[in-house]
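Below is one structure, written out as structure tokens; comments come after it.
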Amino acid sequence: MEFLCYHRDRTGSLPLRHELLEAHWSYMDQYAKELIARGPTFADDGETLTGSVHIVDLPDAAAARAFAFDEPNYQAGAYRDVLLRRWRNLLERTMWEFGGGATGGNRYLVLGLGSGPAADLDLPSERDELIAYGPLLSDDGDTWLGTAVLLRAPDPETARAVLTADRYAEIEVHAWEFGGRRS
């Protein structure tokens with residue numbers, strides 16, 4: 001089962017995040033084979049960290065909760081909240097298989113949060129810039145709760161347009177980049 005985990009930073013937690021960087025990476029190293037995508041999000045300035053995204057394939061919701069809440073930054077209080085939702089990988093690949101590579105261009109996390117009849121379950125016709133794409137679901141996988149996308153786009157407005165705007169209560173767009181240890 002695939003899950004999207006988005007830890008949102010607590011204001012002023014950057015020094016703590018820097019202090020725990022090795023602990024965070026070591027923790028994530030334990031999940032290297034299960035990770036579909038990962039990376040930090042940034043404020044509009046493109047430099048200030050605002051959170052950390054992980055899309056991971058785990059056995060069940062209990063394992064996903066353990067993954068999210070045992071994470072060192074969470075345990076130390078660096079995050080203000082966690083969005084944890086079941087997710088379906090419609091691209092059937094990891095971010096490392098993205099043809100556009102790990103760098104170059106602007107990257108975004110787009111979260112469409114909604115309810116009711118599912119929207120955007122079909123992949124957009126323009127797929128070349130999609131890094132990860134899929135619906136957010138309830139733990140049992142039966143209820144659609146939104147859509148999460150990682151993509152390369154020229155600007156936030158273009159990134160937002162990948163979702164059908166009137167189908168969501170809210171659409172968030174966050175600057176994002178590939179994460180993990182630097183080689």
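What's counted below: heavy atoms across the whole structure, side chains too, no hydrogens, waters or symmetry copies.
- Looking at His18, His7, His54 one by one, the single match for ring-ring contact (aromatic ring centres under 6.0 Å, His included) with His24 turns out to be His54.
- In summary, Glu177 and Arg107 do not engage in a salt bridge, as defined by a charged side-chain N under 4.0 Å from a carboxylate O.
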TODO: Could you please spell out the steps behind the side chain to side chain donor-acceptor pair (under 3.5 Å) verdict for Thr158 and Asp155?
DONE: CA-CA 6 Å; Thr158 303; Asp155 53 60; 2.9 Å; yes

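- Tyr79 contributes atom OH, which lies 6.5 Å from atom CG of Asp9 (distance to the nearest 0.5 angstrom).
- Around the CG atom of Asp45, the shell of radius 6.0 Å holds more than 12 heavy atoms that belong to other residues, nucleotides or ligands.
- Separating the CG atom in Leu151 from the CZ atom in Arg160 is a distance of 12.0 Å, to the nearest 0.5 Å.
- To the nearest 0.5 Å, the span separating CG on Leu16 from CG on Leu21 amounts to 11.5 Å.
- Nearest heavy-atom pair across Leu4 and Trp87 is N-CB, 3.9 Å.
- Remark: the backbone N or O of Pro154 is paired with a side-chain donor or acceptor of Asn106 at under 3.5 angstrom.
- For the atom pair OH of Tyr74 and CZ of Phe69, the computed distance is 5.0 Å after rounding to the nearest 0.5 Å.
- When the options Val110, Ile55, Leu130, Leu91 are evaluated for a side-chain contact (heavy atoms from CB on, under 4.5 Å) with Leu150, the one that passes is Ile55.
- Heavy atoms of other residues, nucleotides or ligands lying less than 6.0 angstrom from CD of Glu126 number 12 at most.
- Around CG of Asp60, the count of heavy atoms belonging to other residues, nucleotides or ligands within 6.0 Å exceeds 12.
- A distance-only check finds no donor-acceptor pair linking the side chain of Thr143 to the backbone of Ser138 [under 3.5 Å].
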